[in-house]
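Numbering of residues begins at 1 and proceeds along the displayed sequence.
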Amino acid sequence: MQFQTTRTDAQIEAAFQEAAEQYAAFGVNAHEAVDKAADVPISLHCWQADDVAGFETKDEAVEGGGIMATGNYPGRARNGDELRADLKQAIDLLPGRHRANVHASYGDTGGKVVDRDRLEPEHFAGWISWAKENGIGLDFNPTYFAHPKANDGFTLAHPDVEIREFWVRHGVASRRIAEAMGIALEDVCVNNHWIPDGAKDHPADRYGPRERLVESLDAVLDPALGIGPACVDAVEGKLFGLGVEDYTAGSNDFYANYALSRGAVLCLDMGHFHPTESIADKISSHLPFHDRLLIHTSRPIRWDSDHVVLFGDDVRNVFLEIVRCDALDRVYVALDFFDASINRIGAYVIGARATRKAILYALLDPTRQLKELEREGKLAQKLALMEDMKTMPFSAVWDMTCLKTGVPPGAAWIPEMEAHEKDVLSTRT
């Protein structure tokens, strides 16, 4: 099958001009929407490229810790250089600004065993230099899983004080690394804390672990540590995960309260709620109280399965709500999924393009007119306009976004993915 576009640049531009006129009839400036959508940074997660394995040199066996990538598609990244090359290949096929989101287990320790509470910025010098070279921002994440001290399902909420203190030290080390990244790149580094602590079956004590989690997080985020504003800390709730199906200490309710009371950023991961639960409705519930939100775009199917993001109602509605709240400058946007059953570059491009499409789609919404109709009590007219926007020539505006940012429009990126697989991924054993 041929995936190359048969449309010339002139044809794409002509289709866009016609589409822009149609949107203008509803008071929407498609030219501005293209520029704004391309300017929103999307953070690409490193763990898609290697199936959440990480590059640590370990001297002890570990278990999963609440997450697992399924599938055995060939060509996963085996080291930092390969992973960064894969990320760059994906970014080259994506319109707009991007960042790289790095977990603590992806450092370069030169083959030495460096436990997580001893990690330093120097272990991520390769990431920093790569980001500088490519003009890409970095974000960071402590890795509170896949470690001998996480094998029983608890870290910061562990009943053993020594194990808790180890994970507190790791959290502090991660903050210092994030700060160093932000300073080196002259940009903030969002440092997102996700803690998988929980129980597989009915716990008798639900309060105790949460009390310990508050104490540990307070120690990690202690202002007396002197970590500056280049590190922006976020906390991420979760419904459940593998091995913690019944109870997760760090639920969304827990972190909504914690973030609000501690000045941290609340992370809403689209895969960390019931599959039928509306994430979009939560946006306007949190924005009056939180200065900023971190949005992880993901796609649950039956549980927190973290499937590749698609351009569906769920992700469209999240960004529609953000734009209708006039809050696009108050959210950080990142991807979070891991699919080892398909080409991993393809997974990045599909998910990131779907997210960028949702941002663009929201910016083409006639929000002012819709709100005006609602204020006037013209609810049928409002609903009709909402429906009519679904069949507007959105694809012409999307193609112009790709053309303007110098990446293949439509499905024309697929041959480049296939070439990368043939020339690079197929050589990895």
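- Ring geometry for Tyr258 against Phe254 counts as parallel: the plane angle stays under 30°, on a 0 to 90° scale with 60° as the upper cut.
- His123 is linked by a ring pair (Phe, Tyr, Trp, His ring centres under 6.0 Å) to nothing, counting only residues two or more places apart in sequence or in another chain.
- With sequence neighbours excluded, no residue satisfies ring pair (Phe, Tyr, Trp, His ring centres under 6.0 Å) with Phe154.
- Salt-bridge check for Glu376 with Lys382: failed, with every basic side-chain N at 4.0 Å or more from each acidic carboxylate O.
- Of all non-hydrogen atoms in Trp398 and Pro95, the two that sit nearest each other are CH2-CG, 3.5 Å.
- Between the side chains of Thr367 and Asp365, at least one donor N or O sits under 3.5 Å from an acceptor N or O.
- By the side chain to side chain donor-acceptor pair (under 3.5 Å) test, Lys371 pairs with no residue at all, sequence neighbours left out.
- The aromatic rings of His103 and Trp47 sit perpendicular to each other, their planes meeting at more than 60°, with 30° as the lower class boundary.
- In terms of modelled atom types and a separation under 3.5 Å, the side chain of His290 and the main chain of Pro288 share no donor-acceptor contact.
- Take Asn79 and apply the side chain to side chain contact (heavy atoms under 4.5 Å, CB included) test, not counting sequence neighbours, and it matches Asp81, Glu82.
- In this structure, the side chain to side chain donor-acceptor pair (under 3.5 Å) partners of Asp35, at least two apart in sequence or on a different chain, are Lys404.
- With a 6.0 Å cutoff to the six-membered ring centre and a 45° limit on the axis angle, Arg299 does not count as a cation-pi contact of Phe337.
- Side-chain contact of Asn101 with Asn141: a donor-acceptor pair under 3.5 Å is present, judged by distance alone.
- Partners of Ala199 according to the side chain to side chain contact (heavy atoms under 4.5 Å, CB included) rule, which considers only residues two or more places apart in sequence or in another chain, are Pro203, Tyr247.
- The shortest distance between side-chain heavy atoms of Phe338 and Asp51 does not fall below 4.5 Å.
- The existence of a salt bridge linking Asp269 and Lys238 is excluded, since no basic side-chain nitrogen approaches an acidic carboxylate oxygen closer than 4.0 Å.
- One distance of note links OG1 of Thr355 with CZ of Arg316; it measures 12.5 Å at 0.5 Å rounding.
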Practice task
Kindly determine whether His158 and Leu213 satisfy side chain to side chain contact (heavy atoms under 4.5 Å, CB included), including the steps that lead there.
Solution key: CA-CA 8 Å; His158 204 287; Leu213 183 52; over 6 Å; no
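- Residues forming a side chain to side chain donor-acceptor pair (under 3.5 Å) with His170 (at least two apart in sequence, or on another chain): none.
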Problem - Step-by-step side chain to side chain contact (heavy atoms under 4.5 Å, CB included) determination, Leu138 to Ile128 - result: CA-CA 8 Å; Leu138 290 178; Ile128 294 172; 4.2 Å; yes
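- Note on residues 370-395: pairs passing ring-ring contact (aromatic ring centres under 6.0 Å, His included), not counting sequence neighbours, are Phe311-Phe394, Tyr361-Phe394.
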Exercise for the section: Take Asp233 and His193 through the side chain to side chain donor-acceptor pair (under 3.5 Å) test and state the conclusion after the steps. Expected result: CA-CA 7 Å; Asp233 289 287; His193 301 259; 3.0 Å; yes
Practice task
Please step through side chain to side chain donor-acceptor pair (under 3.5 Å) for the pair Asp139 and His45, ending with a clear verdict.
Solution key: CA-CA 9 Å; Asp139 296 311; His45 53 314; over 6 Å; no
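- Using a 3.5 Å distance cut-off with no hydrogens or angles, the side chains of Asp50 and Tyr106 do pair a donor with an acceptor.
- Judged by distance alone, the side chain of Glu245 and the main-chain N or O of Gly243 form a donor-acceptor pair under 3.5 Å.
- Of the possible donor and acceptor atoms, one in the side chain of Ser298 sits under 3.5 Å from a partner among the backbone N and O of Asp336.
- Distance alone, capped at 3.5 Å, places no donor-acceptor pair between the Ser251 side chain and the Thr248 backbone.
- Closest approach of Ala219 and Leu225 over heavy atoms only: O-CD1, 3.8 Å.
- Judged as a side chain to side chain contact (heavy atoms under 4.5 Å, CB included), and not counting sequence neighbours, the contacts of Pro366 are Phe26, Val28, Gln369, Leu370, Leu385, Met389.
- Looking at Asp222, its side chain does come within 3.5 Å of a backbone N or O of Ala224 through a donor-acceptor pair.
- Scanning both residues, Cys231 and Asn191, for their nearest heavy atoms gives SG-CB, 3.8 Å.
- For Asp86, the side chain to side chain donor-acceptor pair (under 3.5 Å) test picks out His420, Arg428, with sequence neighbours left out.
- Counting heavy-atom neighbours within 6.0 Å of Asp326 CG, excluding the residue itself, gives a total of 12 or less.
- When side chains are defined from C-beta on, Pro393 counts as touching Gln22, because their heavy atoms get closer than 4.5 Å.
- Looking at Asp160 and Lys149, no side-chain N of the basic residue comes within less than 4.0 Å of a carboxylate O on the acidic one, giving no salt bridge.
- Panel note: side chain Arg353, backbone Leu93; a donor-acceptor pair is recorded below 3.5 Å.
- Without hydrogens or angle criteria, Asn134 side chain to Trp130 main chain gives a donor-acceptor distance under 3.5 Å.
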Handout entry: side chain to side chain donor-acceptor pair (under 3.5 Å) between Arg292 and His286, worked out
Key = CA-CA 9 Å; Arg292 285 184 172 266; His286 290 304; over 6 Å; no
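- For Asp205, the CG atom is densely surrounded, since the number of other residues' heavy atoms within 6.0 Å is greater than 12.
- Among residues two or more places apart in sequence or in another chain, the ring pair (Phe, Tyr, Trp, His ring centres under 6.0 Å) test is passed with Phe140 by Phe124.
- Listed for the Asp197 side chain is a donor-acceptor partner under 3.5 Å among the backbone atoms of Ala157.
- For Asp329, the CG atom is densely surrounded, since the number of other residues' heavy atoms within 6.0 Å is greater than 12.
- Between the side chains of Thr109 and Glu56, no donor-acceptor pair is found at a separation under 3.5 Å.
- Residues meeting the side chain to side chain contact (heavy atoms under 4.5 Å, CB included) test with Ala327, sequence neighbours left out: Leu287, Ile322, Cys325, Arg330.
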Exercise for the section: Give the intermediate values and the outcome of salt bridge (Lys or Arg N to Asp or Glu O under 4.0 Å) for residues Lys282 and Glu277. Expected result: CA-CA 10 Å; Lys282 302 180 186 302; Glu277 194 171 0; 2.8 Å; yes
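- Side-chain atoms of Arg97 do not come within 3.5 Å of backbone N or O of Val40 as any donor-acceptor pair.
- A salt bridge links Arg206 and Asp246; the closest N-O separation between the charged side-chain nitrogens and carboxylate oxygens is under 4.0 Å.
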